[in-house]
Amino acid sequence: MANDKEFVKEVTPQAVDFSQWYLDVVLKAELMDYAPVKGCMAIRPYGYAIWENIQQLLGGRIKATGHKNAYFPLFIPQSLLQKEAEHVEGFAPEVALVTRGGGEELAEKLVVRPTSEAIICSMYAKWIQSWRDLPLLINQWCNVVRWEKNTRPFLRTSEFLWQEGHTVHATEDEAEAETLQMLGVYQDFVENELAIPVVAGRKTEKEKFAGALRTYSIEALMSDGRALQAGTSHNLGQHFARVFEIQFQDKDDELKYAWQTSWGVSTRLIGALIMVHGDDRGLKMPPRVAPVQVVLVPILMKKKKEEVLNKARELAARFNGKLRLELDDREGYSPGWKFNEWEMKGVPLRLEIGPRDLENGGVTAVRRDTGEKSFVAEGDLMQQLPLILQDIQENLFEQARQFRQENTRHAEDFDNFRNIISEKRGFVLAHWCGDAACEEKIKEQTKATIRCLPLKELDGVEGPCICCYKGRGKKAYFARAY
RNA sequence: CGGGGUGUGGCGCAGCUUGGUAGCGCGCCUGGUUUGGGACCAGGAGGUCGCAGGUUCAAAUCCUGUCGCCCCGACCA
């Protein structure tokens with residue numbers, strides 16, 4: 001269709017240039033706009049609504065597991081950040097520093113938080129004295145700043161929004177259990193609400209969080225075959241407790257250092273949502289997080305204009321508070337224009353109501369995921385719409401799951417490994433001996449990194465390392481990553 | 001930090017080679033006709049051409065400098 005071409009011209013097809021497609025979509029769907037500062041963006045209402053839904057759905061899970069929200073300062077005295085050696089080293093290059101305030105040079109420079117371990121630990125040291133104060137389970141929603149050289153909307157920005165949980169426990173076992181519990185919460189949330197299948201696993205020493213004992217992550221596969229870390233959960237051990245002196249007197253009267261965890265997901269999830277589900281026509285929002293779940297477009301002909309409009313308004317009012325339904329009764333835009341715009345924005349379900357539908361006593365429903373059209377009688381709407389949305393949610397997950405399955409391959413020798421990575425991308429499962437030198441060599445030669453060592457034992461059998469063939473180890477997930 | 005690109009009404013671009021005081025498409029505003037996959041007609045508003053200096057009677061255009069932003073790589077949620 002001529003019109004189709006015209007429209008599609010505004011969005012670069014994925015096959016032509018995936019990264020340009022991504023940029024076209026985030027801008028045209030009005031998720032964000034570039035701000036005057038490099039790497040910074042304004043998150044527009046439609047994009048922010050996704051974040052609000054994430055906050056609500058993930059926030060609910062965080063609270064349900066006993067955590068409470070709190071807020072800690074944006075500014076961290078430089079000396080605090082520098083306490084934990086590995087932590088400083090990891091973050092120093094990307095830290096923004098405030099040196100002046102109130103027109104004067106500051107006595108101590110202030111770091112703009114790149115993450116809040118330091119400032120939070122300094123407070124926890126004051127709050128914790130006894131085993132009775134534990135566990136301490138706190139989460140905060142905030143912005144953080146990391147001075148990035150290479151930025152991309154949502155995926156890597158100089159400032160981003162996230163949620164960071166910081167907990168303190170009496171024992172190592174409890175801390176480890178908490179770390180894994182929250183990883184599980186992330187997996188459940190991302191799979192069931194964002195419809196993105198993920199692999200849960202442990203990070204290698206090289207890839208772990210600066211200052212952590214162990215880092216776990218959930219890893220997702222984007223539709224261009226590159227992996228994206230979608231959430232991390234760290235067992236901090238006693239590293240921070242020791243330098244910040246978070247001590248408690250235990251039941252046995254002894255003074256002990258506490259065990260800590262931290263875990264976070266960021267606005268990067270929005271990037272994942274776009275890259276996992278989107279197509280050449282734009283976004284495809286999973287209904288559970290879609291800012292608009294259903295759009296109702298009245299077809300306003302000269303005849304029956306008022307009747308159609310009245311019925312549309314009546315239907316919209318009926319779903320008020322039950323579904324996120326938007327009535328698009330703007331005049332001056334043709335129905336076709338609206339269809340395309342809402343498809344670009346990824347609204348899962350579109351309802352059309354025109355003179356014909358009025359006669360037939362219902363609406364025409366069109367799914368964003370399959371393009372399938374159906375007629376729904378007015379009386380069935382209340383019951384049918386949630387079912388269709390649920391079906392769309394499941395279908396999106398299933399599509400993504402299938403894609404991941406088709407793009408997860410096993411490699412038994414290095415040539416095979418290299419070929420898969422360079423020609424097909426996706427996840428590659430291969431044996432790794434555990435030596436950082438092999439990890440590094442693989443990265444240099446293929447640009448693929450170890451995404452994680454899966455928690456779920458895949459075959460569980462050890463084999464010769466894909467790189468050195470000498471050492472033996474279990475299979476790890478490799479991929480080129482964002 | 002390297003490589004590339006780009007800066008001209010809100011957006012996308014042309015004009016620059018060969019200096020002569022800014023144009024096109026989209027969008028926007030008004031009115032009318034339209035409306036089942038990005039409608040049409042008529043009228044209209046809107047730009048000291050990233051910034052600074054220089055050359056010239058005259059600079060979007062030539063020269064010098066500078067800044068921003070975007071993309072691709074090395075480092076990272």
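Just so it is clear, the values below take in all heavy atoms, side chains as well, and ignore hydrogens, waters and symmetry mates.
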Is the base of B:A77 touched by the side chain of A:Ser266 through a donor-acceptor pair closer than 3.5 angstrom? yes
If B:U34 has a Watson-Crick or G-U wobble mate with both distances under 3.5 Å, name it; if not, just say none. none
By the 4.0 Å heavy-atom rule, please label A:Pro114 as base, sugar-phosphate, or nothing. nothing
Under 3.5 Å donor-acceptor, A:Gln260 side chain and A:Ala241 backbone: yes
Against the side chain of A:Thr232, the closest entry in B:G36, B:A77, B:A74 is B:A77
Among B:C71, B:A77, B:G36, the one nearest any side-chain atom of A:Arg156 is B:A77
With heavy atoms under 4.0 Å as the rule, sort A:Gly264 into base, sugar-phosphate or nothing. nothing
Within the structure shown, what part of the strands sits under 4.0 Å from A:Ser158 by heavy-atom distance: base, sugar-phosphate, or nothing? nothing
Would you mind pulling out the nucleotide paired to B:G73, Watson-Crick or G-U wobble, both distances under 3.5 Å? B:C1
Figure out the OH/C1' separation between A:Tyr482 and B:G73, and round it to whole Å. 14 Å
Value in whole Å for how far the C1' atom of B:C70 lies from OH of A:Tyr22: 15 Å
At 4.0 Å (heavy atoms only), tell me whether A:Arg330 reaches a base, stays on the sugar-phosphate, or touches nothing. nothing
Nearest of B:C1, B:C28, B:C72 to any side-chain atom of A:Ser19? B:C72
Between B:C76, B:G36, B:G73, spot the one nearest the side chain of A:Glu94, thanks. B:C76
If we ignore hydrogens and angles and just use 3.5 Å, is the side chain of A:Thr267 paired with the main-chain N or O of A:Leu161 as donor and acceptor? yes
Looking at every strand, decide which applies to A:Leu23 at a 4.0 Å heavy-atom threshold: base, sugar-phosphate, or nothing. sugar-phosphate
To the nearest Å, how far apart are A:Glu219 CD and B:A77 C1'? 11 Å
Only residue of A:Gln187, A:Arg404, A:Arg401, A:His277 satisfying side-chain contact (heavy atoms from CB on, under 4.5 Å) with A:Ile196 is A:His277
Where the side chain of A:Asp357 is defined as all heavy atoms beyond and including C-beta, which of B:C71, B:G36, B:G37 is the nearest nucleotide? B:G36
Spacing of the P atoms in B:A45 and B:C40 (rounded, Å): 23 Å
Considering every strand and a 4.0 Å limit on heavy-atom distances, what is the contact class for A:Gln229: base, sugar-phosphate, or nothing? sugar-phosphate
Whole-Å gap separating P (B:C75) and NZ (A:Lys206): 7 Å
Whole-Å gap separating P (B:C1) and CG (A:Asn150): 14 Å
Could you give the CD-to-P distance, from A:Glu331 to B:U35, as a whole number of Å? 13 Å
In whole Å, I'd like the distance from the CG atom of A:Leu161 to the P atom of B:A77. 17 Å
Partner lookup for B:G68, please. Criteria are Watson-Crick or G-U wobble with both distances under 3.5 angstrom; report none if nothing qualifies. B:U6
Distance between C1' atoms of B:U6 and B:C11 (Å, rounded): 15 Å
Determine, for A:Arg368 against A:Glu343, whether the closest basic-nitrogen to carboxylate-oxygen distance falls under 4.0 angstrom. no
Should B:U61 form a Watson-Crick or G-U wobble pair with both distances under 3.5 Å, which nucleotide is its partner? none
Using the C1' atom on both, measure B:U66 against B:A58 and round to a whole Å. 25 Å
Say we look at B:C26 and B:C63: how far apart would their C1' atoms be, to the nearest angstrom? 36 Å
Closest non-hydrogen atoms of A:Pro291 and A:Met285, given as atom of the first, atom of the second and distance, are CD-CE, 4.2 Å
Take atom C1' in B:U33 and the same atom in B:G46, then report the distance between them in whole Å. 27 Å
Can a side chain N or O of A:Ser334 be found less than 4.0 Å away from OP1 or OP2 on B:U34? no
Answer with yes or no whether A:Arg146 presents, from its side chain, a donor or acceptor under 3.5 Å of a partner atom in the base of B:C76. no
Remember a base hit wins even if backbone is also touched, and classify A:Lys443 as base, sugar-phosphate or nothing at under 4.0 Å, heavy atoms. sugar-phosphate
A:Glu193 vs A:Arg61, test: salt bridge (Lys or Arg N to Asp or Glu O under 4.0 Å). Steps then yes/no. CA-CA 11 Å; A:Glu193 312 292 4; A:Arg61 284 167 165 82; 2.9 Å; yes
Return yes if some donor-acceptor pair links the side-chain N/O of A:Ser233 with the main-chain N/O of A:Thr179 below 3.5 Å, else return no. yes
When the nearest nucleotide of RNA chain B is assigned to A:Leu358 and to A:Glu148 on a heavy-atom basis, which residue is associated with the more 5' position? A:Leu358
Are A:Tyr333 and B:C28 close enough that a side-chain N or O sits under 4.0 Å from OP1 or OP2? yes
Choose from B:G37, B:U33, B:A74 the nucleotide whose nearest atom is closest to any side-chain atom of A:Lys302. B:U33
Taking NZ, NE, NH1 and NH2 as the nitrogens, is one of them in A:Arg202 or A:Glu207 under 4.0 Å from a carboxylate oxygen of the other? no
Measuring only the C1' atom in each nucleotide, how far is B:G2 from B:U8? A whole number of Å is fine. 30 Å
Can you tell me if the side-chain N/O atoms of A:Lys338 get under 4.0 Å from OP1 or OP2 in B:G37? no
If you assign each of A:Glu440 and A:Arg356 to its closest nucleotide in RNA chain B, which residue comes earlier from the 5' end? A:Arg356
May I ask which nucleotide in the shown strands pairs with B:G27, Watson-Crick or G-U wobble, both distances under 3.5 Å? none
If we ignore hydrogens and angles and just use 3.5 Å, is the side chain of A:His67 paired with the main-chain N or O of A:Ile62 as donor and acceptor? yes
Within the stacking criterion (centroid distance below 5.5 Å, interplanar angle below 30°), does A:Phe160 stack on B:A77? yes
Would you mind reading off the distance between A:Trp141 atom CH2 and B:A77 atom C1', rounded to a whole angstrom? 14 Å
Scan A:Tyr34 against the nucleic acid and name what it touches under 4.0 Å (heavy atoms): base, sugar-phosphate only, or nothing. sugar-phosphate
Whole-Å C1' distance, B:C51 and B:G43: 38 Å
Integer angstrom distance from the C1' of B:C49 to that of B:G9: 10 Å
